2 protein chains.
Amino acid sequence: MHTQVIDTLKKNQLSITDSRKTILQLFMESDGALAHMDIENNTGEEFDRVTIYRTLQTFVDKGIIHTIPSADNAIRYALCKDACSEGHHHDNHIHFMCDHCSTTYCLDHVEVPALQLPGGFMASRTDMVVSGCCNRCSK
Amino acid sequence: MHTQVIDTLKKNQLSITDSRKTILQLFMESDGALAHMDIENNTGEEFDRVTIYRTLQTFVDKGIIHTIPSADNAIRYALCKDACSEGHHHDNHIHFMCDHCSTTYCLDHVEVPALQLPGGFMASRTDMVVSGCCNRCSK
DNA sequence: TACCACATTGCAACATAGTTGCAAAAAATA
DNA sequence: TATTTTTTGCAACTATGTTGCAATGTGGTA
Ligand SMILES: [Zn+2]
Ligand SMILES: [Zn+2]
Ligand SMILES: [Zn+2]
Ligand SMILES: [Zn+2]
């Protein structure tokens with residue numbers, strides 16, 4: 001259980017620290033995306049806010065987690081399941097945010113459709129976020 | 001020039017105030033989307049921060065402007081060109097944020113593609129935000 | 001035009017989200 | 001274990017957004 005966490009950290013040439021182990025473990029145990037506040041709530045007083053921000057940024061930089069934009073002013077993060085690496089994310093799936101339970105899902109099997117942009121516009125990244133009612137809340 | 005601003009406010013049963021006139025005029029003169037800070041910079045000391053927030057919220061509620069989510073923690077707003085009304089937005093176009101000049105465009109002619117969601121997921125809104133290099137910066 | 005009812009604004013205070021510099025502590029390395 | 005390097009915690013700061021309330025402005029009526 002811990003081995004996968006440590007393997008991932010080592011593979012990305014990150015030193016093994018308590019905060020990185022704990023936060024990465026949290027992501028691996030969670031099925032939805034996590035906001036900074038979710039992590040702060042789940043780890044209690046264990047780590048400083050700043051440490052959590054820096055750990056998340058490190059993970060994003062290394063291609064371990066990716067960000068999910070939102071209109072509610074709280075960036076969410078989720079594990080990269082695709083072959084992301086330092087500086088190169090390839091998370092080409094859509095995200096779903098539930099209006100009721102606020103859970104944010106990576107819909108790994110729903111790809112972001114290709115677009116034909118007007119002349120002169122060059123895409124480097126495409127975010128597609130769907131909101132509505134999730135499969136647990138619609139039951 | 002002013003008439004269109006006042007017409008829009010009247011059509012939406014909003015009282016005509018300085019802040020509403022000035023801010024709506026700003027949107028009509030601007031080709032890109034505006035963040036709260038852009039408006040504050042453009043109006044100087046004329047209005048309180050809170051008034052700007054409340055004016056933007058009112059315009060969103062009335063279907064005059066729509067929001068554009070982002071990962072940089074600053075919601076942007078743009079005029080609704082489609083037939084939006086109170087409580088019912090139909091802004092079905094994609095948005096483009098330039099990594100260089102930070103301009104955010106409504107690409108009105110590029111529709112958000114329809115999606116097949118997994119069972120149980122029901123969409124109420126879809127946001128598609130593309131980032132990269134815009135037509136002015138790529139020249 | 002003057003009055004009144006109601007809506008809007010400004011202010012103060014608060015809440016949440018995120019950043020920076022630096023010294024102390026912990027990991028990696030030798 | 002000793003040394004080097006990285007990471008952490010703290011304090012202070014910036015940006016973003018909200019709420020309650022008294023003062024002001026707007027729209028309608030006489
Ligand atoms: Zn749900
Ligand atoms: Zn994802
Ligand atoms: Zn738009
Ligand atoms: Zn540009």
Side-chain angles (χ1 to χ4, degrees), chain A residues 2 5-26 33-62 64-65 67-77 86 97 102 104, chain B residues 2 5-26 33-62 64-65 67-77 86 97 102 104:
Chain A
H2 248 184
V5 169
I6 290 176
D7 283 355
T8 301
L9 292 176
K10 280 187 178 162
K11 196 168 64 192
N12 287 279
Q13 296 157 36
L14 292 171
S15 41
I16 317 294
T17 67
D18 284 351
S19 60
R20 287 175 182 166
K21 278 190 290 186
T22 305
I23 293 173
L24 186 49
Q25 178 89 38
L26 253 181
L34 299 173
H36 174 271
M37 192 47 87
D38 298 322
I39 295 167
E40 212 172 324
N41 291 339
N42 266 287
T43 54
E45 302 279 293
E46 200 174 349
F47 308 113
D48 192 84
R49 280 168 8 92
V50 179
T51 300
I52 297 176
Y53 281 116
R54 286 195 275 226
T55 302
L56 290 171
Q57 190 55 56
T58 301
F59 287 175
V60 171
D61 292 343
K62 288 290 186 178
I64 299 172
I65 60 178
T67 58
I68 304 164
S70 79
D72 75 348
N73 226 52
I75 302 172
R76 283 158 181 82
Y77 302 86
E86 187 154 7
M97 298 185 59
S102 291
T104 301
Chain B
H2 248 187
V5 168
I6 290 176
D7 284 354
T8 301
L9 292 176
K10 280 188 180 161
K11 198 170 60 192
N12 287 280
Q13 296 157 36
L14 291 172
S15 41
I16 316 294
T17 67
D18 285 350
S19 58
R20 288 175 182 166
K21 277 190 290 187
T22 306
I23 293 174
L24 185 50
Q25 178 90 37
L26 254 181
L34 300 173
H36 173 271
M37 192 46 88
D38 298 323
I39 295 167
E40 211 172 324
N41 291 339
N42 267 286
T43 54
E45 303 280 293
E46 199 174 350
F47 308 113
D48 192 83
R49 281 168 6 90
V50 178
T51 300
I52 298 176
Y53 280 115
R54 286 197 272 227
T55 303
L56 290 171
Q57 190 54 57
T58 301
F59 286 176
V60 170
D61 292 343
K62 287 290 186 179
I64 299 172
I65 61 178
T67 58
I68 303 165
S70 79
D72 75 349
N73 229 53
I75 302 172
R76 284 160 181 80
Y77 303 84
E86 189 155 5
M97 298 184 58
S102 291
T104 299

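Because the structure is predicted, anything quoted here is derived from the model rather than measured. Letters A, B, ... mirror the listed sequences (proteins, then strands); counts begin at 1.
Between Thr51(A) and the phosphate of dG9(D), there is a side-chain N or O to OP1/OP2 separation shorter than 4.0 Å. Between Ser19(B) and dT9(C), a side-chain N or O to OP1/OP2 separation shorter than 4.0 Å is present.
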Check the pair Ile39(B), Phe47(B) against side-chain contact (heavy atoms from CB on, under 4.5 Å), reporting the backbone distance first and the verdict last.
CA-CA 10 Å; Ile39(B) 295 167; Phe47(B) 308 113; over 6 Å; no

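For the pair Phe47(A) CZ and dG9(D) P, the computed distance is 7 Å after rounding to whole Å. Atom-to-atom, CD1 of Ile23(B) to C1' of dT9(C) comes out at 11 Å; the value is rounded to the nearest Å. Taking atom CD of Glu40(A) as the reference point, atom C1' of dG9(D) lies 13 Å away to the nearest angstrom. Atom-to-atom, OH of Tyr53(A) to C1' of dG21(C) comes out at 18 Å; the value is rounded to the nearest Å. Between Asp72(A) atom CG and dA15(C) atom C1' there is a gap of 15 Å when expressed in whole angstrom units. Gln13(A) has its CD atom 15 Å from the C1' atom of dT5(D), to the nearest Å. For Asp48(B) and dT16(D), the CG to C1' distance is 14 Å, given to the nearest whole Å. Computed from coordinates, the Met37(A) CE to dG18(C) P distance equals 9 Å when rounded to whole Å.
Residues Phe59(A) and Leu9(A) meet the side-chain proximity criterion, which asks for heavy atoms closer than 4.5 Å. In this structure the side chain of Ile64(B) reaches within 4.5 angstrom of the side chain of Leu14(B), judged on heavy atoms.
Of the candidates dA17(C), dT9(C), dG17(D), the closest approach to any side-chain atom of Thr55(B) belongs to dT9(C). Each of dA27(C), dT19(C), dG9(D) was ranked by its minimum atom distance to the side chain of Asp18(A); first place goes to dA27(C). When distances run from any side-chain atom of Val50(A) to the nucleotides dA17(C), dC11(C), dT20(C), the shortest one goes to dT20(C). Set against dG18(C), dT16(D), dA27(C), the side chain of Ser15(A) has dA27(C) as its closest nucleotide.
Backbone-only engagement by Glu46(B) is indicated by non-hydrogen atom pairs under 4.0 Å involving sugar-phosphate atoms exclusively. Base engagement by Arg54(B) is indicated by at least one non-hydrogen atom pair under 4.0 Å involving a base atom. Glu45(B) comes within 4.0 angstrom of no nucleic acid atom, judged by non-hydrogen atoms across all strands.
One can find a donor-acceptor pair under 3.5 Å joining the base of dG17(D) and the side-chain atoms of Arg49(B).
Between Ile75(B) and Leu14(B), the residue anchored closer to the 5' end of DNA chain D is Ile75(B), taking for each the nucleotide with the nearest heavy atom.
Asp38(A) places a side-chain N or O within 3.5 Å of a backbone atom of Ala35(A) that can act as its donor or acceptor partner. Checked by atom type and distance alone, the side chain of Arg20(A) never pairs as donor or acceptor with a backbone atom of Thr55(A) at under 3.5 Å.
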